[in-house]
Structure formats: C-alpha cells, structure tokens
Amino acid sequence: MSNSRLLWSSMTITAALMLSACSQPANDATDTNADASAAETSGKTIRIATEGAYPPFNYTNADGSLAGYDIDVANALCKQMQAKCEIVAQDWDGIIPGLLAQKYDAVVAGMSITPERQEKVDFTEPYFSNTMVWLTDTNGKFDPMAIQGLTLGGQRSTTPGAYLQDNYEGKDGNTVQLYDNYDNAYLDLKSGRSDAVLAEKVSAKSWLADNPEGFGIVGDEIDNDDNIAIAVRKGDALRDDFNKALSEIRSNGELARLEQANFGQ
C-alpha cells in the first residue's frame, strides 16, 4: 500500500471515530447529579453524631435505636452519596468537641448556625429553618409581653438558651434555668418548677402532642434567623459532598417529604 493511500486510510478512520464519539447521547457522556454527588464518597463510611434527645429532630427508641428527622436526613444524604452511614449518639455539650477530636466525621443534630460555632467548625447549607415559641401552662398567667419575676427554662448551648440569657437573665426579676436537654426542661415546666420554656417550635409541638392537657404555645413565634445545618471540621471536603447531596434531595422532593413525615403541616 502506498504512503498516500495509508495516509488517506488513517484520516478516514480518525474521522469515523470522531463522528461516532460525537453521536453518543448526552446522558452517556456526562454524569448524573447523583453520580456527581457520590464521586468522592461512594463506598466510604461516614460516621455521624446526633444527640438522641431532641425530638422530633432526633431521639432514642426503647430498643436503643436512633430516629427522627436528623436521622432520616443523614440516611437520605448517605444514600445520595452512595456512602455508608454510621450514626452514633453523643451528649449535646460534647458534640462539637467530639467532632474536633475526630470521634466522628459530621454532626447532624438539629444544630443551628451561630457565629460562635462557625469559629470552630464549617457548616453546610441549611436543611431546616426554625422559629422559637413560648411553651407554658395555659392558665393565662404567662404574658409574653410582660415577663417579670419568672423562672424561664431552656436548653443550654442552644439558640433559645442564648436568647434567654441575653434578654431575660437577671432582668425584671427573671431567672433563667438551662438544662442538658429539653426533656428535663419540660419536666420542670410540668411540675411547676418553671413558668415557661423557650423552645424551637417543632420541639414544643412534639412535646405537646404527648402532653395536650393544660399546656400550650403562647404568643407569636419568634423568628431569630435560626438555620439548622450539618457541622464538619474546618476545611473538610465532606462539606461540599453534603452540599451536593442536599441540593439533590431538595430538588427531587425527598427533603420536603421527610419534613412532612416528621413534622406534619
């Protein structure tokens, strides 16, 4: 075969290959959103901490298993990322120190984004937005517009707890009592050892569902720009992986479905 014919044959084959490549369907040439969010996490085990004492966000069943909105969101994200979830319970006060000590990789625990926390950890995009409410005896004695000489309960190291301390501690004769978890705050409210509890709306509504007699939400909701997100260590690329997966379960309706299942209307 002559050199000219060899050259012509080579050019013909190359052109055919190029045309074949260009004719491939677009969905074969690019990854789906699910593949993109799973690119760096597929097959990996992600260890996640939650509190296990903050219903309906997270709570511990009688058999010791963890459940709630946070757990459902974490599992949905790990499925989206094609990763394995290991979810463990951690006391609230030690949940960020445990993350920094690398006991786990992320915190999914109804945690609000605050400037103080942002100094220690990185947050994903929010997966829920909260408001605060006053939960109290419905005997009419508590007036949210005239809070004086009262004992006010909340959970320490939370945005409602900080709000109580900033606005009521030692002012107008008020006393703020903060607890390790909301369960203990509600117990003192029920026993009369406190006059009202300031809590996130979904937490208050969850407690009221089991305690409908004599207690209720009083006054307007307080919007303090409370956004809940996943915490990871500073600079951890896992933040971007979570954000990709969050975007996907938000756009496909899964996040809204989980909200409805855990919080109702």
Side-chain angles (χ1 to χ4, degrees), residues 50-63 65-73 89 91-92 108-112 126-165 167-169 174-228 255-265:
T50 195
E51 184 184 9
Y54 179 38
F57 282 96
N58 55 78
Y59 53 90
T60 306
N61 290 315
D63 63 0
S65 62
L66 293 164
Y69 179 64
D70 289 327
I71 283 72
D72 289 346
V73 169
D91 290 343
W92 181 253
V108 185
M111 181 175 286
S112 302
Y127 63 90
F128 191 79
S129 294
N130 242 332
T131 57
M132 303 184 299
V133 295
W134 289 107
L135 182 61
T136 186
D137 193 306
T138 53
N139 56 20
K141 294 182 180 179
F142 179 82
D143 181 358
M145 303 304 295
I147 300 175
Q148 297 178 341
L150 302 179
T151 299
L152 308 171
Q155 183 175 354
R156 67 172 52 94
S157 300
T158 64
T159 48
Y163 185 91
L164 285 172
Q165 289 181 307
N167 293 280
Y168 297 102
E169 179 62 65
N174 295 308
T175 301
V176 171
Q177 178 64 52
L178 300 182
Y179 302 81
D180 290 339
N181 54 60
Y182 273 116
D183 287 344
N184 290 333
Y186 296 145
L187 283 174
D188 269 9
L189 174 65
K190 197 169 184 177
S191 67
R193 287 190 289 269
S194 66
D195 298 293
V197 169
L198 185 66
E200 288 88 351
K201 180 182 178 181
V202 290
S203 174
K205 288 182 68 176
S206 176
W207 185 80
L208 284 173
D210 297 324
N211 299 271
E213 299 297 325
F215 296 92
I217 293 171
V218 176
D220 296 332
E221 296 178 27
I222 303 170
D223 185 355
N224 64 330
D225 193 29
D226 184 11
N227 294 303
I228 288 174
L255 190 62
R257 188 190 70 77
L258 296 178
E259 285 187 17
Q260 175 67 28
N262 285 276
F263 305 138
Q265 295 293 338

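One-based numbering along the sequence shown. These numbers come from the heavy atoms of this one structure, side chains and all, not from hydrogens, waters or symmetry mates.
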Shortest non-hydrogen contact from [X] toward [Y]:
| X | Y | result |
| --- | --- | --- |
| A204 | V133 | CB-CG2, 3.7 Å |
| N181 | A53 | CB-O, 4.1 Å |
| Q155 | D180 | NE2-O, 3.1 Å |
| F142 | L150 | CD1-CD1, 3.6 Å |

Indicate yes or no: at least one non-hydrogen side-chain atom of [X] is less than 4.5 angstrom from one of [Y].
| X | Y | value |
| --- | --- | --- |
| I228 | S112 | yes |
| N58 | I71 | yes |
| P160 | Y182 | yes |
| N167 | I147 | no |
| E169 | L164 | no |

Taking the side chain from [X] and the backbone from [Y], do they hold a donor-acceptor pair closer than 3.5 Å?
| X | Y | value |
| --- | --- | --- |
| N61 | D63 | no |
| N130 | N227 | no |
| E200 | M132 | no |
| D195 | T151 | yes |
| T138 | G214 | yes |
| S191 | L187 | yes |
| S203 | Y54 | no |

Passes ring pair (Phe, Tyr, Trp, His ring centres under 6.0 Å), Y168 versus W134? Steps please. CA-CA 13 Å; Y168 297 102; W134 289 107; 5.7 Å; yes
How long is the gap from [atom1] on [X] to [atom2] on [Y], to the nearest 0.5 Å?
| X | Y | atom1 | atom2 | answer |
| --- | --- | --- | --- | --- |
| K201 | I222 | NZ | CD1 | 12.5 Å |
| N184 | R193 | CG | CZ | 9.5 Å |
| T131 | D226 | OG1 | CG | 8.5 Å |

Are there over 12 heavy-atom neighbours, none belonging to D183, within less than 6.0 Å of that residue's CG? yes
Looking at D91, I want to see if its CG is surrounded by more than 12 non-hydrogen atoms of other residues, nucleotides or ligands under 6.0 Å. no
Please list all pairs meeting ring pair (Phe, Tyr, Trp, His ring centres under 6.0 Å) that have one or both residues in residues 193-228, counting only residues at least two apart or in different chains. Y186-W207, W207-F215
Within the 3.5 Å criterion, strictly below it, is a donor on S194 or D188 matched to an acceptor on the partner's side chain? no
Would you please classify the geometry between the Y69 ring and the Y127 ring as parallel, tilted or perpendicular, with 30° and 60° separating the classes? tilted
With respect to F57, which candidate in V73, T50, N262, D70 satisfies the side chain to side chain contact (heavy atoms under 4.5 Å, CB included) definition? D70
